[in-house]
Amino acid sequence: MRYIEFLGERVSVLGYGCMRFPTVEVEGKVVIDEEKSIPLIDRAMEAGVNYYDTAYFYHNHLSEVFMGKALGRYPRDSYYLATKMPCSMIKSLDQAKEIFEEQFVKCGVEYFDFYLMHALDKESFDRNYSLGVYDYLVEQQKLGRIRHFGFSFHDTPTVLEYILDTAKFEFCQLQYNYLDYSVQRADLQWQIATSRGLKVIVMEPLRGGTLVNLPKEAREEMNSHTPSYTPAQWGMRYCMTTEGVLTVLSGMTTMEQLEDNIRTASNLSPLSTSDYDMLERVVERFTSVPLVPCTGCGYCMKKCVRGVYIPDIFRDYNEYVLGGDKESYLSKISALRQDLHYANRCVYCHSCEAICPQHIEISALLRRIQAGAYRLTEEDRYI
Ligand code: SF4
Ligand code: SF4
């Protein structure tokens, strides 16, 4: 395992994103499947992964409890636990204080190694800042309850500059991968953060699986360059070898994904010019299809009064435009129309859109997909 030094810490370049553990349904509720998830944590610890990133929201508020239980079996100084203040839902300082205390109880720890203001954009930063949440967390760091203080971010480079002009942080968590580098100007965000001395924690290195299920031509491009590398290995290696990166978070659901990432993190070498050229050609292939830039984070589901399975609908659609069979996709849609969670349940209330970190116009896209995905073509290009 490769480690990166940071303010006296030694952080593994592969970090565990704790929002995609395997799940199981118990009495009608979807919960973390502990029987399958505990061995994942144990294998990660054994391989030297020492950074675990959870959050108040993950797994319907159950991820923190699970992580407390899973990591509590190891010495406290053998892992770094990161969690986050759910800034999107904070309406008062008292509420933030209550949540902060609740997180200690849920995780069963006395300090957080890394603590973040979660998914900041202009609106949520301003609101939390004026409520005094930022100052309160700075105080908590002085008290030793937070060892390192940062934020995760979903807005424009201009807003990132604005936040860093206003407040002081040690690190930030950015959506960074070879597709977003140019398409979403992740390059600029990375530049802004690192030029101010912040370390970058990478989230969505595989863009919620999009960089694993490549369009056919992109897959061919990669295979002919280096047949022995999987698309996931290229995506992870790209991020892990970027200067200024502290750790790359991967939400690993299966042992196979974990082993694949461990292999990448253990045999890292910088990308060559011809590797970068190949990835550029892959990006060109990618941007020739109208994908929905959904990462499958599921935040929107918390707001949907109609229970629409938004990320599943976008995933099916993306799989189709990436080379799936049109006939079988259309027959799936027609069957799904009877489903209580399909796009036709959407009442266009827009509640889900304010919370989407990718700023997707969810209801408009659902409307088009519902009308027939084959009509969502070039003119609706979304990336
Ligand atoms: S706009 Fe549609 S999908 Fe979004 S919350 Fe409202 S009903 Fe649900
Ligand atoms: S639509 Fe947005 S909030 Fe919903 S799963 Fe996709 S990226 Fe996440």
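We use all heavy atoms of the structure for the numbers below, so side chains are in, but hydrogens, waters and symmetry mates are not. First listed ligand is number 1; within each ligand, the first listed atom is number 1. If you're wondering where the values come from, they're calculated on a predicted model, not measured in any experiment.
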Do [X] and [Y] sit within salt-bridge range, that is, some charged N less than 4.0 Å from a carboxylate O?
X: Glu102; Y: Lys106; result: yes
X: Lys199; Y: Glu5; result: no
X: Lys29; Y: Glu25; result: no
X: Lys303; Y: Glu353; result: no

(request) Establish whether Phe151 and Tyr176 are linked, either directly or via other cluster members, by ILVMFWY side-chain heavy-atom contacts under 4.5 Å. (result)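 Looking at the clustering, Tyr176 is in the same group as Phe151.
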
Can you report which non-hydrogen protein atom sits closest to [atom], along with the distance?
atom: atom 5 (S) of ligand 2; result: Gly298 N, 3.2 Å
atom: atom 6 (Fe) of ligand 2; result: Cys294 SG, 2.3 Å
atom: atom 4 (Fe) of ligand 2; result: Cys300 SG, 2.3 Å

(message) I want to confirm something. Looking only at heavy atoms, which of Cys356, Ala119, Pro357 is nearest to atom 2 (Fe) of ligand 2?
(response)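 Result: the heavy atom closest to atom 2 (Fe) of ligand 2 is in Cys356.
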
(request) May I ask you to check if any N/O/S atom from Cys297 comes under 2.8 Å of atom 8 (Fe) of ligand 2? (result)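 Looking at Cys297, which is the residue asked about, there is an N, O or S atom under 2.8 Å from atom 8 (Fe) of ligand 2.
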
Can you give me every donor-acceptor pair (side chain of residues 128-135, partner residue at least two apart or in another chain, under 3.5 Å) with its distance?
from, atom 1, to, atom 2, distance (Å)
Asn128, ND2, Cys87, O, 3.1
Asn128, ND2, Ser124, O, 2.8
Ser130, OG, Asp126, O, 3.0
Ser130, OG, Arg127, O, 3.2
Tyr134, OH, Lys168, N, 2.8
Tyr134, OH, Lys168, O, 2.9

(request) Taking only heavy atoms of Gln358 into account, list the atoms of ligand 2 that are under 4.0 Å away from them. (result)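 Every atom of ligand 2 under 4.0 Å from some heavy atom of Gln358: 7 (S).
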
(message) As an exercise, identify every atom of ligand 2 less than 4.0 angstrom from a heavy atom of Pro311.
(response)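 So the atoms of ligand 2 that pass are 5 (S).
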
(request) Mark yes or no: Arg147 above the aromatic ring of Phe112, with NZ or CZ under 6.0 Å from the six-membered ring centre and no more than 45 degrees from the axis. (result)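 Checked: cation-pi criterion not met.
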
(message) Connecting only ILVMFWY residues whose side-chain heavy atoms lie within less than 4.5 Å of each other, what is the rest of Leu62's hydrophobic cluster?
(response)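 Joined to Leu62, directly or through intermediates: Val24, Val26, Val31.
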
(request) Kindly state each residue pair satisfying salt bridge (Lys or Arg N to Asp or Glu O under 4.0 Å) with at least one member in residues 46-57, sequence neighbours excluded. (result)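 Output for this query lists Arg43-Glu46, Asp53-Lys84.
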
(request) Spell out the protein N/O/S atoms under 2.8 Å from atom 2 (Fe) of ligand 1 as residue plus atom name. (result)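 Listed by chain and number, the nearby protein N, O or S atoms are Cys346 SG.
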
